[in-house]
Amino acid sequence: DAGVIQSPRHEVTEMGQEVTLRCKPISGHDYLFWYRQTMMRGLELLIYFNNNVPIDDSGMPEDRFSAKMPNASFSTLKIQPSEPRDSAVYFCASSFRLAGYTDTQYFGPGTRLTVL
Amino acid sequence: KNEVEQSPQNLTAQEGEFITINCSYSVGISALHWLQQHPGGGIVSLFMLSSGKKKHGRLIATINIQEKHSSLHITASHPRDSAVYICAVSSVGGATNKLIFGTGTLLAVQP
(Lines give C-alpha, C1' and ligand atoms only; values in the text may rest on other atoms or scores of the structure.)
Protein backbone atom coordinates (compact mmCIF):
# COMPACT_ATOMS: atom_id res chain seq x y z
CA ASP A 1 0.00 0.00 0.00
CA ALA A 2 1.21 3.54 -0.73
CA GLY A 3 0.40 4.77 2.74
CA VAL A 4 -1.68 7.83 3.52
CA ILE A 5 -1.60 10.27 0.62
CA GLN A 6 -2.05 14.00 1.04
CA SER A 7 -2.23 16.77 -1.52
CA PRO A 8 -1.01 19.31 -2.09
CA ARG A 9 2.29 19.00 -0.20
CA HIS A 10 2.72 22.75 -0.15
CA GLU A 11 0.15 25.50 -0.52
CA VAL A 12 0.74 29.22 -0.51
CA THR A 13 -2.31 31.43 -0.69
CA GLU A 14 -3.45 34.90 0.14
CA MET A 15 -5.63 35.84 3.04
CA GLY A 16 -9.30 35.46 2.23
CA GLN A 17 -8.85 32.69 -0.31
CA GLU A 18 -10.42 29.26 0.02
CA VAL A 19 -8.03 26.40 0.69
CA THR A 20 -8.83 22.71 0.21
CA LEU A 21 -6.58 19.99 1.54
CA ARG A 22 -7.04 16.39 0.43
CA CYS A 23 -6.37 13.03 1.99
CA LYS A 24 -6.56 9.42 0.83
CA PRO A 25 -6.34 7.00 3.78
CA ILE A 26 -4.83 3.55 3.69
CA SER A 27 -7.25 1.11 2.09
CA GLY A 28 -9.25 -0.79 4.69
CA HIS A 29 -8.73 1.74 7.46
CA ASP A 30 -11.98 2.91 9.00
CA TYR A 31 -10.68 5.86 11.03
CA LEU A 32 -9.40 9.10 9.53
CA PHE A 33 -7.92 11.99 11.48
CA TRP A 34 -7.01 15.56 10.58
CA TYR A 35 -4.30 17.22 12.67
CA ARG A 36 -2.69 20.64 12.65
CA GLN A 37 0.87 21.29 13.77
CA THR A 38 2.28 24.69 14.68
CA MET A 39 5.37 25.77 16.55
CA MET A 40 3.27 27.34 19.27
CA ARG A 41 0.73 24.59 19.88
CA GLY A 42 2.36 21.43 18.57
CA LEU A 43 0.08 18.73 17.18
CA GLU A 44 -3.64 19.19 17.64
CA LEU A 45 -6.51 16.99 16.58
CA LEU A 46 -8.98 18.92 14.46
CA ILE A 47 -11.55 16.27 13.58
CA TYR A 48 -11.84 12.56 13.07
CA PHE A 49 -14.13 10.23 11.16
CA ASN A 50 -15.18 6.64 11.68
CA ASN A 51 -16.67 4.85 8.69
CA ASN A 52 -16.94 8.21 6.92
CA VAL A 53 -18.98 9.77 9.73
CA PRO A 54 -17.56 12.72 11.72
CA ILE A 55 -17.24 11.61 15.34
CA ASP A 56 -15.51 14.49 17.08
CA ASP A 57 -15.00 17.92 15.58
CA SER A 58 -14.33 19.72 18.85
CA GLY A 59 -10.84 20.62 17.70
CA MET A 60 -12.00 22.52 14.64
CA PRO A 61 -10.98 26.09 15.46
CA GLU A 62 -13.97 27.92 14.05
CA ASP A 63 -16.64 27.95 11.39
CA ARG A 64 -14.13 28.79 8.72
CA PHE A 65 -12.96 25.19 8.91
CA SER A 66 -14.97 22.29 7.53
CA ALA A 67 -14.18 18.67 6.76
CA LYS A 68 -15.91 16.02 4.73
CA MET A 69 -15.46 12.36 3.98
CA PRO A 70 -17.74 11.48 1.07
CA ASN A 71 -16.39 7.92 0.85
CA ALA A 72 -13.93 5.56 2.52
CA SER A 73 -11.06 6.59 0.29
CA PHE A 74 -11.21 10.37 0.34
CA SER A 75 -11.47 13.27 2.75
CA THR A 76 -11.12 17.03 2.46
CA LEU A 77 -10.36 19.79 4.92
CA LYS A 78 -11.49 23.19 3.75
CA ILE A 79 -10.66 26.64 5.11
CA GLN A 80 -12.81 29.50 3.89
CA PRO A 81 -11.77 32.28 4.18
CA SER A 82 -8.17 31.59 5.08
CA GLU A 83 -6.23 33.78 7.49
CA PRO A 84 -2.48 34.11 8.20
CA ARG A 85 -2.93 32.38 11.57
CA ASP A 86 -4.05 29.26 9.72
CA SER A 87 -0.48 28.80 8.48
CA ALA A 88 0.63 25.40 9.73
CA VAL A 89 1.35 21.85 8.64
CA TYR A 90 -1.82 19.81 8.31
CA PHE A 91 -1.52 16.06 8.72
CA CYS A 92 -3.98 13.37 7.85
CA ALA A 93 -3.74 9.97 9.54
CA SER A 94 -5.69 6.74 9.32
CA SER A 95 -6.06 3.63 11.43
CA PHE A 96 -8.05 0.46 11.75
CA ARG A 97 -9.58 -0.41 15.09
CA LEU A 98 -10.99 -3.70 16.17
CA ALA A 99 -13.56 -3.50 18.93
CA GLY A 100 -11.89 -2.67 22.23
CA TYR A 101 -8.44 -2.31 20.69
CA THR A 102 -6.56 0.87 19.89
CA ASP A 103 -4.51 0.67 16.73
CA THR A 104 -1.49 2.53 15.44
CA GLN A 105 -2.18 5.63 13.41
CA TYR A 106 -0.40 6.04 10.09
CA PHE A 107 0.38 9.61 9.14
CA GLY A 108 0.50 11.19 5.74
CA PRO A 109 3.41 13.46 4.73
CA GLY A 110 1.48 16.59 5.60
CA THR A 111 0.48 19.74 3.73
CA ARG A 112 2.46 22.86 4.59
CA LEU A 113 0.04 25.78 4.32
CA THR A 114 1.21 29.37 4.20
CA VAL A 115 -1.38 32.11 4.20
CA LEU A 116 0.05 35.51 3.30
CA LYS B 1 -1.29 22.09 32.82
CA ASN B 2 -0.99 19.87 29.75
CA GLU B 3 -2.45 16.40 30.03
CA VAL B 4 0.74 14.97 28.50
CA GLU B 5 4.11 16.33 29.58
CA GLN B 6 7.47 15.45 28.08
CA SER B 7 10.98 16.06 29.31
CA PRO B 8 13.40 17.26 28.36
CA GLN B 9 12.16 19.63 25.67
CA ASN B 10 15.59 19.68 24.04
CA LEU B 11 18.36 17.14 24.23
CA THR B 12 21.82 17.11 22.71
CA ALA B 13 23.88 13.94 22.88
CA GLN B 14 27.12 12.59 21.52
CA GLU B 15 27.04 9.65 19.17
CA GLY B 16 26.99 6.40 21.11
CA GLU B 17 25.33 7.80 24.23
CA PHE B 18 22.32 6.20 25.90
CA ILE B 19 19.32 8.52 25.68
CA THR B 20 16.16 8.68 27.74
CA ILE B 21 13.08 10.76 27.01
CA ASN B 22 10.30 10.87 29.57
CA CYS B 23 6.56 11.25 29.30
CA SER B 24 4.04 11.78 32.09
CA TYR B 25 0.30 11.94 31.67
CA SER B 26 -2.60 12.85 33.90
CA VAL B 27 -5.54 11.09 32.23
CA GLY B 28 -6.64 7.49 32.13
CA ILE B 29 -5.39 5.88 28.98
CA SER B 30 -5.97 2.83 26.84
CA ALA B 31 -2.59 3.13 25.14
CA LEU B 32 0.48 5.32 24.88
CA HIS B 33 2.23 6.07 21.61
CA TRP B 34 5.73 7.21 20.79
CA LEU B 35 6.08 9.01 17.48
CA GLN B 36 9.14 10.22 15.61
CA GLN B 37 9.21 13.27 13.39
CA HIS B 38 12.28 13.86 11.26
CA PRO B 39 13.39 17.30 10.05
CA GLY B 40 11.62 16.63 6.75
CA GLY B 41 8.37 16.63 8.70
CA GLY B 42 7.06 13.09 8.28
CA ILE B 43 5.63 11.41 11.37
CA VAL B 44 6.23 7.74 12.06
CA SER B 45 4.72 5.68 14.83
CA LEU B 46 7.49 3.94 16.80
CA PHE B 47 5.59 2.18 19.55
CA MET B 48 2.14 1.71 20.93
CA LEU B 49 2.00 0.17 24.37
CA SER B 50 -0.42 -0.25 27.22
CA SER B 51 1.81 -2.12 29.68
CA GLY B 52 5.35 -3.31 30.24
CA LYS B 53 8.06 -2.81 27.70
CA LYS B 54 8.60 -3.01 23.95
CA LYS B 55 11.86 -3.15 22.01
CA HIS B 56 12.60 -2.47 18.38
CA GLY B 57 16.22 -2.42 17.37
CA ARG B 58 18.00 0.19 19.48
CA LEU B 59 14.74 1.66 20.74
CA ILE B 60 13.05 0.59 23.95
CA ALA B 61 9.78 1.93 25.33
CA THR B 62 8.51 1.29 28.84
CA ILE B 63 5.36 2.27 30.62
CA ASN B 64 4.31 2.30 34.28
CA ILE B 65 0.54 2.54 34.40
CA GLN B 66 0.38 3.10 38.17
CA GLU B 67 2.78 6.04 37.97
CA LYS B 68 1.34 7.30 34.66
CA HIS B 69 4.80 7.50 33.19
CA SER B 70 6.58 6.23 30.11
CA SER B 71 10.15 6.40 28.90
CA LEU B 72 11.70 6.04 25.48
CA HIS B 73 15.29 4.86 25.46
CA ILE B 74 17.75 4.92 22.59
CA THR B 75 20.86 2.80 22.97
CA ALA B 76 24.07 3.53 21.05
CA SER B 77 22.60 6.75 19.65
CA HIS B 78 23.47 7.81 16.11
CA PRO B 79 23.15 11.13 14.27
CA ARG B 80 20.32 9.63 12.20
CA ASP B 81 18.31 9.40 15.44
CA SER B 82 18.14 13.20 15.44
CA ALA B 83 14.45 14.03 15.32
CA VAL B 84 11.53 15.22 17.41
CA TYR B 85 10.09 12.47 19.59
CA ILE B 86 6.44 12.89 20.52
CA CYS B 87 4.53 11.10 23.22
CA ALA B 88 0.77 10.75 22.76
CA VAL B 89 -1.96 8.98 24.69
CA SER B 90 -5.28 7.47 23.73
CA SER B 91 -7.59 8.45 26.58
CA VAL B 92 -10.16 6.03 27.99
CA GLY B 93 -13.84 6.65 27.72
CA GLY B 94 -15.54 7.43 24.47
CA ALA B 95 -13.17 7.71 21.54
CA THR B 96 -10.15 5.58 22.35
CA ASN B 97 -8.60 6.38 18.99
CA LYS B 98 -8.37 10.08 19.84
CA LEU B 99 -4.79 11.08 20.64
CA ILE B 100 -3.60 13.73 23.07
CA PHE B 101 -0.07 14.86 22.27
CA GLY B 102 2.89 16.03 24.29
CA THR B 103 4.88 18.96 23.00
CA GLY B 104 7.75 16.82 21.80
CA THR B 105 11.43 16.41 22.59
CA LEU B 106 13.94 17.70 20.07
CA LEU B 107 16.91 15.34 20.00
CA ALA B 108 20.18 16.20 18.31
CA VAL B 109 22.86 13.52 18.21
CA GLN B 110 26.25 14.89 17.30
CA PRO B 111 28.93 12.77 15.62
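Since the model is a prediction, treat every value here as computed from it, not as a measurement. The figures that follow rest on heavy atoms only: side chains count, while hydrogens, waters and symmetry mates do not.
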Atom pair CZ/OG1 of B:Phe47 and A:Thr104 - distance to nearest 0.5 Å: 11.0 Å

B:Leu35 side chain near A:Phe107 side chain, heavy-atom distance below 4.5 Å: yes

Test log, rule side-chain contact (heavy atoms from CB on, under 4.5 Å), inputs A:Gln37 and B:Phe101: CA-CA 11 Å; A:Gln37 186 179 39; B:Phe101 295 92; over 6 Å; no

A:Arg112, CZ atom: more than 12 neighbouring heavy atoms under 6.0 Å: no

Heavy-atom check, side chain of B:His33 versus side chain of A:Gln105, under 4.5 Å: no

B:Gln110, CD: over 12 other non-hydrogen atoms inside 6.0 angstrom: yes

Common cluster, A:Leu77/A:Phe49, ILVMFWY with side-chain heavy-atom separation under 4.5 Å: yes

Residues, nucleotides or ligands: over 12 heavy atoms within 6.0 Å of A:Glu62 CD: yes

Hphob cluster co-occupancy, A:Tyr48 + A:Leu43, side-chain heavy atoms under 4.5 angstrom: yes

Segment of A:Tyr106 engaging chain B (4.5 angstrom heavy-atom cut-off): neither

Close side-chain approach of B:Leu99 to A:Tyr35, heavy-atom, < 4.5 Å: yes

Tell me which donor-acceptor pairs under 3.5 Å the side chains of residues 74-82 of chain B have, and how far apart each pair is, sequence neighbours excluded?
{"residue": "B:Thr75", "atom": "OG1", "partner": "B:Arg58", "partner atom": "O", "Å": "3.3"}
{"residue": "B:Ser77", "atom": "OG", "partner": "B:Gln14", "partner atom": "O", "Å": "3.3"}
{"residue": "B:Ser77", "atom": "OG", "partner": "B:Gly16", "partner atom": "N", "Å": "3.4"}
{"residue": "B:Ser77", "atom": "OG", "partner": "B:Glu17", "partner atom": "N", "Å": "3.2"}
{"residue": "B:Ser77", "atom": "OG", "partner": "B:Glu17", "partner atom": "O", "Å": "2.9"}
{"residue": "B:His78", "atom": "ND1", "partner": "B:Arg80", "partner atom": "N", "Å": "3.1"}
{"residue": "B:His78", "atom": "ND1", "partner": "B:Arg80", "partner atom": "NH1", "Å": "3.4"}
{"residue": "B:His78", "atom": "NE2", "partner": "B:Arg80", "partner atom": "NH1", "Å": "3.4"}
{"residue": "B:Asp81", "atom": "OD1", "partner": "B:Arg58", "partner atom": "NH2", "Å": "2.8"}
{"residue": "B:Asp81", "atom": "OD2", "partner": "B:Arg58", "partner atom": "NH1", "Å": "2.8"}
{"residue": "B:Asp81", "atom": "OD2", "partner": "B:Arg58", "partner atom": "NH2", "Å": "3.2"}
{"residue": "B:Asp81", "atom": "OD2", "partner": "B:His78", "partner atom": "N", "Å": "2.8"}
{"residue": "B:Ser82", "atom": "OG", "partner": "B:Pro79", "partner atom": "O", "Å": "2.9"}
{"residue": "B:Ser82", "atom": "OG", "partner": "B:Val109", "partner atom": "N", "Å": "2.9"}

B:Thr103 OG1 to A:Arg41 CZ distance, which is reported to the nearest 0.5 Å: 13.0 Å

